[in-house]
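The structure appears right after this line, and notes come after that.
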Amino acid sequence: MANAQAGGTGARRTPLQAFLYWGMVIGVWGLIFLVAFLAVFAIDLPDVSKLNDVTRQPSISYLDRSGALIAVRGSQYAPPVDLDKLPDYVPKAFLAIEDRRFYYHPGFDPLGMARATVANVKAGRIVAGGSTITQQLARNLFLTLDQNWRRKVQELILAVWLEVKFSKKEILALYLNRVYFGAGAYGIEAASQRYFNKPASRLTIGESALLAGMMKGPSRYSPVSAKERAAKRANVVLDEMVRTKAITPEQRAEAVKAPVRVSSVLANQRAQYFTDWMDGQVRALVGEPTEDLYVETTLDLPIQAAAEQAVRAGAARNKAAGVQQAALVALDAEGRVRAYVGGVDYTESQFDRASVARRQAGSAFKPFVYLTAMEQGRNPNVMVVDEPVKIGNWEPKNYTGKYLGSMTLETALAQSINTVAARLANEVGTGNVASTARRLGITSKIQLDPSMALGAVEVSPLEMAAAYAPFSNGGFKARAWGISRIRTASGKVLYDHNLEKRGRQTVIGSPALPYMNQMMRKVVTSGTGTGARVPGFDIAGKTGTTSDYRDAWFVGYTGGFVVAVWTGKDDNTPMRRVTGGGAPAQIWKSFMAQALPRLKAQTIPGGVIAPPEETPDPIGDIISGMGIGGDDPPDPQPRAPTPDADKARPPEEIPF
């Protein structure tokens with residue numbers, strides 16, 4: 001029994017022995033589990049041997065007709081910046097807001113992760129992130145932005161690998177040289193050049209704080225499109241820099257006193273709709289670029305600035321009347337696009353209303369009806385009668401609901417009389433009217449119902465400008481184009497518009513051309529378009545208003561220059577009695593008052609042919625200038641143009 005007791009006593013482990021034994025068992029199994037766990041997530045880890053390889057989409061720089069930079073699209077990488085050549089507060093700004101414990105963690109920060117988890121649970125949504133700078137670098141270098149557990153674990157594995165492979169200084173340098181800052185800029189040097197037109201070595205404390213603040217979301221905290229939000233975020237960065245002793249309170253105060261000036265090219269956001277329009281065409285002409293490209297365009301930046309200002313001011317002035325959006329396209333005699341505005345504010349909406357949107361033309365389509373009639377032998381002095389008319393089951397009505405009796409075709413167009421245009425289209429044939437419109441440049445589908453005479457045709461401002469261009473240039477077709485030349489950064493020419501052999505095609509002859517110019521001059525001098533008059537210049541054009549005031553147009557021209565303006569709402573709901581002679585004519589006049597002196601505009605070519613004398617037009621004499629018309633009464637209070645429309649705005653200042 002003694003032996004049994006002794007044997008039993010020998011088989012028992014002390015508490016310490018039991019603890020060590022089970023600790024070893026759990027440790028071995030834990031190690032096995034950890035190895036298996038890491039093996040599973042490491043199966044598809046990216047190839048880290050290509051750490052220093054930089055692959056990017058080549059940049060495309062767009063230049064205006066004078067060589068001035070309009071925009072840069074695609075990725076921009078600058079040579080890696082040496083951390084020692086940066087002011088010490090530059091990296092400290094990023095450490096203060098992104099990773100205060102950077103020098104003390106092994107690639108991931110358990111305390112930071114726990115703190116972020118608690119904050120997110122309390123908020124019920126993601127309001128804080130626990131990623132270190134090393135983790136962000138691992139994600140930017142090797143992984144996608146997918147939010148899932150596999151990606152997060154792989155991020156941790158790669159972060160630890162980076163910490164083992166590189167020093168803290170090397171990791172911070174890699175981060176600053178590779179992180180994305182928005183606007184196509186990768187790395188602190190490219191961001192400094194893109195946003196502030198200066199090397200990173202000359203960044204101020206305020207500029208550094210602004211760039212560091214963008215790490216939370218380059219688009220959301222952009223100093224270009226979200227100035228106030230970016231400034232608030234920069235203030236948070238400055239506070240953290242003081243808290244971590246990266247700067248003194250006095251330095252913070254000095255930084256706040258000096259507003260940050262953003263690059264004028266980015267701050268002014270010129271021609272962004274135009275650049276979007278160009279992007280697809282560049283790729284269609286030369287394919288996907290394999291090196292940086294320079295695209296020389298037809299755009300004229302001072303005129304573009306005037307166009308953007310006129311559109312913004314016109315929409316704001318008529319906001320109470322329901323004008324929410326507007327578009328403007330300006331072409332010269334050869335079809336070169338000189339100004340292109342696809343909306344009121346590109347930062348709010350990138351949808352292009354200049355060439356992508358299709359809206360009913362309203363009475364702006366009537367010149368194609370009248371041109372067809374002129375080509376069939378009529379002239380401006382032919383007498384017609386404004387009276388009730390019925391074509392099939394359709395009975396068009398005038399804007400005023402009144403009928404004015406006998407008048408000339410010239411007066412009928414100037415006053416935009418619906419009944420006359422409807423009867424005239426029926427007489428000359430809607431098919432012939434459609435052929436005329438297509439010949440001049442309308443490419444959208446044209447339905448042949450009688451209502452097409454009053455503009456029941458959906459078109460874009462770009463189409464309308466091109467189709468009116470023959471009236472302004474002596475009768476020649478003008479296809480809208482914007483790319484003059486495409487060349488590589490090394491100077492190799494990939495495309496040259498001048499090498500395209502295209503003869504000038506006559507699409508309007510005489511006497512139809514001078515007849516039409518005579519009639520459309522009267523639209524501006526005494527008809528529905530008086531709000532577009534620019535004293536001292538030869539101006540002609542046509543207003544357009546669709547049913548229920550959903551769309552309003554003014555398309556006008558002088559010698560060798562045509563401009564189409566549209567106003568309305570994106571949801572196609574009615575405005576409040578906005579006609580073509582109102583908001584569109586105001587925008588047109590404001591723009592042209594600035595553009596015409598720069599263009600040294602000439603009189604409208606085509607000559608003047610006196611039409612045969614016919615019966616006097618007493619109605620026309622009475623209603624001229626009185627605003628009695630078919631669907632487009634003249635604006636009763638024409639507005640003066642804004643005097644500084646063509647002055648390019650200075651670099652945007654962002655006060656903290």
Side-chain angles (χ1 to χ4, degrees), residues 71 219-220 222 224-226 268-280 304 307-330 337 339-365 442-447 451 454-467 480 482 543-555 563-588 590-591 631-632 635:
S219 297
R220 181 169 174 76
S222 168
V224 175
S225 59
N268 292 337
Q269 285 289 298
R270 297 294 183 215
Q272 296 301 303
Y273 291 106
F274 175 78
T275 306
D276 285 349
W277 183 55
M278 291 287 94
D279 261 353
Q304 175 71 20
E308 292 178 4
Q309 196 278 339
V311 166
R312 280 194 307 272
R317 188 165 48 228
N318 292 278
K319 184 177 181 180
V323 175
Q324 293 180 352
Q325 282 296 343
L328 181 154
V329 175
V337 175
Y340 185 108
V341 184
V344 173
D345 188 341
Y346 184 84
T347 61
E348 295 294 330
S349 170
Q350 289 79 51
F351 178 65
D352 184 1
R353 300 154 190 87
S355 63
V356 177
R358 297 289 190 276
R359 302 298 289 256
Q360 286 200 1
S363 293
F365 194 80
I442 298 297
T443 57
S444 295
K445 181 180 179 180
I446 303 174
Q447 55 87 17
S451 61
L454 306 187
V457 178
E458 294 184 344
V459 293
S460 70
L462 184 68
E463 277 181 272
M464 290 297 281
T543 55
T545 310
T546 61
S547 60
D548 298 328
Y549 305 97
R550 298 176 191 274
D551 304 281
W553 297 76
F554 185 78
V555 188
V563 181
V565 175
W566 165 87
T567 62
K569 297 181 180 180
D570 284 338
D571 61 6
N572 203 30
T573 55
M575 296 176 286
R576 298 184 185 92
R577 300 183 68 83
V578 175
T579 66
Q586 294 169 15
I587 293 171
W588 195 95
S590 177
F591 167 63
D631 66 343
D632 289 309
D635 181 17

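Predicted, not measured: the structure shown is a model, and the values here were computed from it.
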Are [X] and [Y] close enough that some pair of their side-chain heavy atoms sits under 4.5 Å apart?
X: T443; Y: E463; value: yes
X: V323; Y: R317; value: no
X: V578; Y: T567; value: yes
X: E308; Y: L328; value: no
X: F365; Y: L454; value: no

Closer than 3.5 angstrom, by distance alone: can the side chain of [X] be matched with the main-chain N or O of [Y] as a donor-acceptor pair?
X: T545; Y: G580; value: yes
X: K569; Y: R550; value: no
X: W553; Y: T546; value: no
X: W588; Y: V563; value: yes

Checklist outcome for this item: Shortest non-hydrogen pair, S460 vs A354, comes out as CB-O, 3.7 Å
Checklist entry - How would you list all residue pairs meeting salt bridge (Lys or Arg N to Asp or Glu O under 4.0 Å) that involve residues 571-586, not counting sequence neighbours? => result none
Next on the checklist: So, using side-chain contact (heavy atoms from CB on, under 4.5 Å) as the criterion, who are the partners of A466 when residues are at least two apart?
Outcome noted: L331
Checklist outcome for this item: Checking V459, V329, D551 against W566 for side chain to side chain contact (heavy atoms under 4.5 Å, CB included), the one that qualifies is D551
Next on the checklist: Do D276 and Y340 pair up side chain to side chain, a donor and an acceptor below 3.5 Å, judged on atom types alone?
Outcome noted: no
